[in-house]
Each structure stands twice: as structure tokens, then as C-alpha cells.
Amino acid sequence: MNIPTEPIGSIPRPLALIEAIKTSGSSDPALDSMFDEAVRDTIRRFEETGSPVITDGEQRKYQNFATYCVDGLPNIAPDGFKISFVNHTRQLPRITGGPFRYLLRADSFLDVAKRYAHVPVKQAVISPSALSLMYPQTPLPGYSREQFIDDLLNEHEAEVRACLDKGAHKVQIDFTEGRLSVKLDPSGELLNSFIDLNNLGLARFSVEDRSRVGVHTCPGGDCDSTHSADVDYADLLPSLFELQAGNFYIALAGERDRVRVLKIIRDNIKPYQKVFIGVVSPIAPRIETPEEIRDNILEATRFIPPGQLGSTDDCGFSPFSDDTSTSRETAFAKIRARVEGTALASKILGDN
Amino acid sequence: MNADQNDRESLRAAALETSKAVLAARQRAEESLQLKTKELADSLAIMQATLGATTDGILVINGNHKVVTYNEQFAKMWQIPREVLEANDENIRRKFTSEQCVNPAEFIARVEQILKDELPESFDLLKLANGKIFERYSKLLDANNPRFGRVWNFRDVTERELTQNTLQKAKNEAEKANKAKDDFIAVLSHELRTPLTPVLMMAQVLRENESLPVEIREHLAMMERNLGLEVRLIDDLLDITALSRGKIRLRPELCDAHSLIGLAIDIVRDEALTKEISIDRDFSARLSGLVVDPARFQQVIWNLLRNAVKFTPRGGRISIRTSDADGRMRIEVIDSGIGIEANEIEKIFLPFEQVSAANDHRFGGIGLGLAIARAIVNLHGGKINAASKGSNQGTTFTVEFPGAQTPPAGIDDASAHPPFIPGELMPTLMHQAGSRIRLLLVEDHAPTLHVMADLLTRSGFEIVSANNIAEAFEAAATNKFHLVISDLGLPDGSGIHLMEKLRDLYGLRGIALSGYGMEDDIARSYQAGFIHHLVKPVSIVELRRVLAKLDFTSL
């Protein structure tokens, strides 16, 4: 039995690149060669871990995992809503008028990555629900919230379809605000609205396409902290599995009671869905051993049919590009452990 | 409330506002979905009704070879129980259908090939063990996505195939019968012509002998004419057969029609004079240039004139006139003969018809001349018709040929198309090469061989005779010949084969003598190495003329 294993996405950027962005700004054409070199090096090291599926480490998402597609738009302002982490905050951009269009689509990252890759490449995109938070509380004159939602869904569809068409192994929709929404609105109304919005996007794809689309949820890791680790998965997962996606990437390594979460997954996963459980924690400094990972996967098979199970990282290793809390070496060491641990589990399951 | 709480509250409020817009979007999407679902249901209902209305059996499978839909006719044609279809197992389904075929393995192999090769379309015939024949057509549902599925269409074509087979069989039999008829006519022609050769030759030679009394020579001339008539009857028979089979190949060239008409007049002139019939000509056409087969064109005019002479009483008159007619050339042959009733005019162009003379053998002939003339004119894209004011009012035949143009310069006299010239004496050519010309004469018809050898020897040639191929080879091995004159139908093989061998072994060329005069026969002769093909009965005059034209130093 082969248990698939996939990364979430981001790998810490080379320090020289981070410094250069700070100095010159991300749009300086002189940085192109550094970006390219960062992608090439990331893919080389990714492949050296034996990972059967890789990403470009999101080296070209020079701001973060969420706003890469809108950074630089003329109709946005930096003073959007703030997201509070344990020790710091991040601020979303705010849209100031319509129409809403992406400035950059993730399939352009895929183009570059596929030039260097020798194994399947996965591509992460931001969820429509995350970007929906860019619309301010007070309606914008001449550009209604409804128009914005329509534009947003169109842009999202175009991005996912382009990635699928260009041969992405999987397209992963980052949905870290799922857990955050429960924190903001314990009634669950906001979460359900996010699920509805993302399902409106997914409904535009065929069943076959959706089997190559996944959704990632986590407590929002950044600078070794999270924005919603305190939210109980029991409040999130039942709704999460209502998403019409074929794959779910769920942070689990950082959970205190994994078995409880696994039971919730067992009770809510649908037969056509696969779940990739997090077996390494990017914000934990210690590198997990392959044996620990093997055991965690084997533990998960007690609750989830092996045919629906995969392994992944709890989160990207550096969702925000300026995050230097984890080194590239640590990230790849953890990935190597995941790959090896998953192989060990596969072997045991195969032998059985 | 601290700043963090404020931020969080405003984010929550804004998000909840957005959720209302999401809800509205969802409602719109659901309405759209409902509409599309209804459209789809309608479309599906139409499709099902269409499938049900066709007499073909239709099966649609998806990329995993599972049944998507089928019509009742499909189940009925293959007598597949519903449970087999509903089991949706391709192996069971394929086994059920293949076992009804004459060759189940072939059926399965073909299906597997179609699926494996993802053929955009396929078409074949299935023979069932119960005698039925199904036409099977399949097509990918989406040519760009072979895995989307395929539609299979089955049509019961048993009756059509059986009818086609019956028709094909009938056609084959008819063709076979036609060929047998052609062969029979060819053989008949050969058998009729062969005995005429020695008679004709001897009559000609004797007629040339001035020491014989005049009345004897006139009798001989009469014999010659009658032999000529018989040959013409045979020629007509062969021509009408070839024309009706489309086996006549034209050799068109730009000719001066007036010149060709003049030649045709010359041929019938003696016959007309005998009946004291005058032939007037009025060549008014300025555009008398035509692209025609000159021999066939002459044949048309000659047939019309011969017909006119035949049906015009002694002392009558025949006129032949030409005129321009809007890019066509019109030729009219007008006689003062017995005429034709209006209701019988079209019949005269039918083979073997002789209007009003059906029971009157005064006029002779077998009634093929006009049919041949019309067929040849039609082949040239022209038209021919006849008109008569009635019995004893004479007849006018009008022929029109398309593409009339200025006649070519330099061929406006008869010399460009030499006519048959009877009775020319043999030029003294026997010593062309500085010594006597030695001919190998091969003929199995003893009288013909004897007469030809005698006449040619008297003409100064050195003749070595052979009755068959074996003797011919023996003679060729021990003598050096300038030329071979050979019959084609020999007892121990074909003269064609003989010529090929003699050409290959000794570089010899030859003249073919054959009772077979169809175009294909002549072409085969030339391919074998003959440089002339003379159709029996061969006149000594004709043979001499051909020999006279040969340059023996180059043979």
C-alpha cells in the first residue's frame, strides 16, 4: 500500500533574496535572476529529499501566500483588516474600487517550476474566502459587494483552471481563514459562508478536475506562532468536508489530541475524499524522526482507510516571505523525514 | 474594548456582510443550476425520444466502458436481457453479443482494437450466426477526449446486403455473358474472315491480269465487291459491339472535315455511278476544322452516303451540304430515295432496324450503319438526326459536330488522309536492301498460306513458309529474315508469343494477320513487336502497300 505524501508549499526564501527584496522592492527586474535561482535551488533540494511531489517553495510569492495575486494593484490600499497572531499582527490589503482583477496568477509560478522539475509539481492558490476579506465593511460606491464576489470567483476559477491545464499535479486552495472564521464567529455562520463561497468556485469544475483540487487548513503558522490554534477542530472539520474538493490537507502534528481529530475526520470524510494529515510541524524547531512519522501515519490508519490517507506538512514552512524563523535546511530536513517516514509506513501497510 | 478586539469585531462584521453577498451569489448559482438542470432534462428527454424513434440500435458507453444509455432497439436487435445491460459489465455484455456472431473472436478483437487505438470513428459489417448482417458504426463522443466515451450504432442491413449480393451476382453473370458474347463475336469474325483471304487475294491478282478476257475480269471485280460487302458486314458487327461496350477509343486530331467528306464520297462514288445516282456537294461551311478521329468521322459520312445510295432508286440524286451553325459544323446528306414515315424515324438509329424494309430484302444489309454512325457522333459530342416528308419523299440526315474552327492549313486535300485505293500495282521493291527480301510467312490456314506464298513469291519476295510456331522457330534458327508475316491464332500457340520471341532472339519485326480486329487486339500486336496489324481478309493490294512502305534496310 503506497501512502501518498505531498508538501503544503512554502520553503523559507534564501536570506540574500529576502534582503534584496527589502532593499530594492519586489518589483525590481534585477531580482528576476535571484528569484529564478531560488526556485531552481529549492526544486533541486526538494527532489534530493526523495519527495515524489514538490512545489516551487513559493519563492516567487514575494509577499505571502495570500496576497501574491493582488500586490501592486492600483485599486488596493494597505490598510485592510488586521489578523492577530500570538505575538504579532499581519494586515490584509483593502480594495478601494472595482473591478477586481488578479495582477498575477499562480500558474505563472508553475511555468517556471516545471522548467526545473523532474517530478510532479503541486501549486497552491489562495482561497476566494480569504480574498473576500479585502472588501471593507462599508460598501464601496459604484462597486457592490455582489459585483466583487462575482469578480473574485471569476478570477479564482481562471487561476485554478490555468494551473490544472498546465499540468499541476494538484491545485491546493489555502484556506487557513477557515479556522480563523470560527474564532471570529463561534456561531459558525461565517465559516459556512466561507464554505459556500469556496464551493461556488469549486462548482465551476468537473468532478474529474475537482479530484485534482485540494483544500488546506491549519491554524495559520507564521513566525513560529499561529492565529487560531485555540480553535477546536470539532467546530471546523464537519463543515470543511462539505467543500466539494477531492483532497484535504489538515494540520495535525501540532495538535495536542491527534486521536480526537482523527475521529472527527473519520466521522466526516466522504468516500470520494482523501485526507493528507500533517505529520511535521513547521513551527516546531525539532526535526521529527521518520519513525515518529511512520507511527503517526499507522495510528491514522486506525481511523481512516489507507486508500483515503496521505501525509503532508502541517503548514507551509514560510507562508510570509520575510519569515526567517525556520531555516531552509530545517525545512528540507523535516520534509525528508516526512518522505522517509511515509515510506516506512507504506512498507508496513504493504507487508500487511 | 481594546484595539485588537476592535479590529477583530470590524473584520467579523465585514465578513458577515460579505456572507450576505455570498448567499445571494449562491442563490443565483442555484437558480442557474435549476435552469440548466431543466434544460438538461429537456435535452435528455429529446435525446431519449430520438433514440427511441430510430430503427438503429444505439449504445453509449463512457470512458470506463460502462453503459451511459441505450435504446430499446439496441436491446431488441441483440436480444440482450435488461439484466445483462443493467449489470453494466463490459465482459458479460461483449460475450453476449460476440457469441451471436459468426466469428466471436474477430468481433472481440475488433472492439478491443477500436477502444485501444481510440479510433475517432469505425465502420464494419458483422455477420451473425442467424444469417443477419449488422452494420456497426462507432464514434468518439468527443474527438478531443477519447476517454469521454463512445457511441455505437448498429443497423440491420441484412436485406440490403442480400439484395446487393443478388444484384452483384446478376451483374457478374451479365458481364460474364457479355464477355462470352464479345468473345463469340470476335471468334465468329475471325472464322468468317480467314477463309475470305485467299479468295480475295486470288480474285485481285487475277483481275490485275490483263491477259484474261474483259468479261472474266469484270466477274472477278464483282467477286471482289461482294467479298468487300461481306467484310463490311463483319466490320459493322464488330463496331456496334465495341461501341455498345464503350470499347472504342477515339484518336482525335484537328482535321479538315471537307477533305474527309471528299474521301468518303470517293469510296461510294463507283457504287453510285453503277445506279446512275449523282452526288452533288455544297461545302459552304467556313469553319470546317474539327477535332475528330478522322477514320471514325469518315466512317460516319460513309455510312450516311452508303445508306443514301442504298435507298435511292436508279437515276436519283444525293446532295451533301455543309454549313456553319453557331460554333458547330452542320453536315446534311439529302437523298431523293424512298423516305421514312415520321413515326419510324427514330427506329432507324437502332441496331438491326431497317424501317419499312423489315420484310423487304431488296436493300440487303443488317441495319447497323446508322446505329454505328449515331454512336460515333455521340462519342464526339455531336448529334445526328433524320427528317423525311414521308414515303418516297427522300430523307435528310443532319449531323452536327461541336468545336468548329478554321481548318488547319496544309491538309485541305485528300492526300493528307489517303483513302483505300484498290488495285494499285506492287512497286518493285524486292531489292531494297541490295538482295532479295526474305519473309517468314506463318499461317495455319493452308489455302491462305498457299495463296499468299504464291502471290508474294510472284511479287519477287523470297518466302519461307511455316504452318505453326514450332516450324517458325525452326526456320528462324536456320535462316535470316527481313520480316515476319504471321497469323495470330496458331495451333500451337499465339502469334503474339511468337513475335515476342523472334523480336527478342533475332531482333525481327513483323506484320500481324488476324481475324481479330478489336482495338485491344491491335494494341497487343504492337506491344509484341508487330509494326502493322492487318485484319483478315487481307487483300494482296493492302499487303503490298504496307510492304512497299517499309524500309527493309532498317529492319
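Throughout, a chain's letter reflects where its sequence line sits, starting with A, and its residues are numbered from 1.
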Rounded distance (nearest 0.5 Å) linking atom [atom1] of [X] with atom [atom2] of [Y]:
| X | Y | atom1 | atom2 | result |
| --- | --- | --- | --- | --- |
| A:M134 | B:T18 | CE | OG1 | 11.5 Å |
| A:L180 | B:R12 | CG | CZ | 12.5 Å |
| B:L11 | A:S181 | CG | OG | 10.0 Å |
| B:S19 | A:I195 | OG | CD1 | 13.0 Å |
| B:R26 | A:I149 | CZ | CD1 | 14.0 Å |

Heavy atoms of other groups near [X] [atom1], more than 12 under 6.0 Å:
| X | atom1 | value |
| --- | --- | --- |
| B:F148 | CZ | no |
| B:E86 | CD | yes |
| B:K66 | NZ | yes |
| A:Q91 | CD | yes |
| B:K38 | NZ | no |
| B:Q48 | CD | yes |
| B:R147 | CZ | no |
| A:R212 | CZ | yes |

Pick one of side chain, backbone, both or neither for [X], based on which atoms fall under 4.5 Å of a heavy atom in chain B.
| X | result |
| --- | --- |
| A:D150 | side chain |
| A:L200 | side chain |
| A:L197 | both |

request  = Go through A:E189, A:R145, A:Q137 and name the one with the most non-hydrogen pairs under 4.5 angstrom from chain B.
outcome  =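 Among A:E189, A:R145, A:Q137, the one with the most close pairs to chain B is A:R145.
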task = Would you mind reporting whether A:L184 and B:E9 have side-chain heavy atoms less than 4.5 Å apart?
result = no
Heavy-atom closest contact (A:S193 atom, B:V22 atom, distance) =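 Nearest heavy atoms, A:S193 then B:V22: O-CG1, 3.6 Å.
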Minimum heavy-atom distance between B:A14 and A:F81, given as atom pair plus value = CB-CZ, 3.2 Å
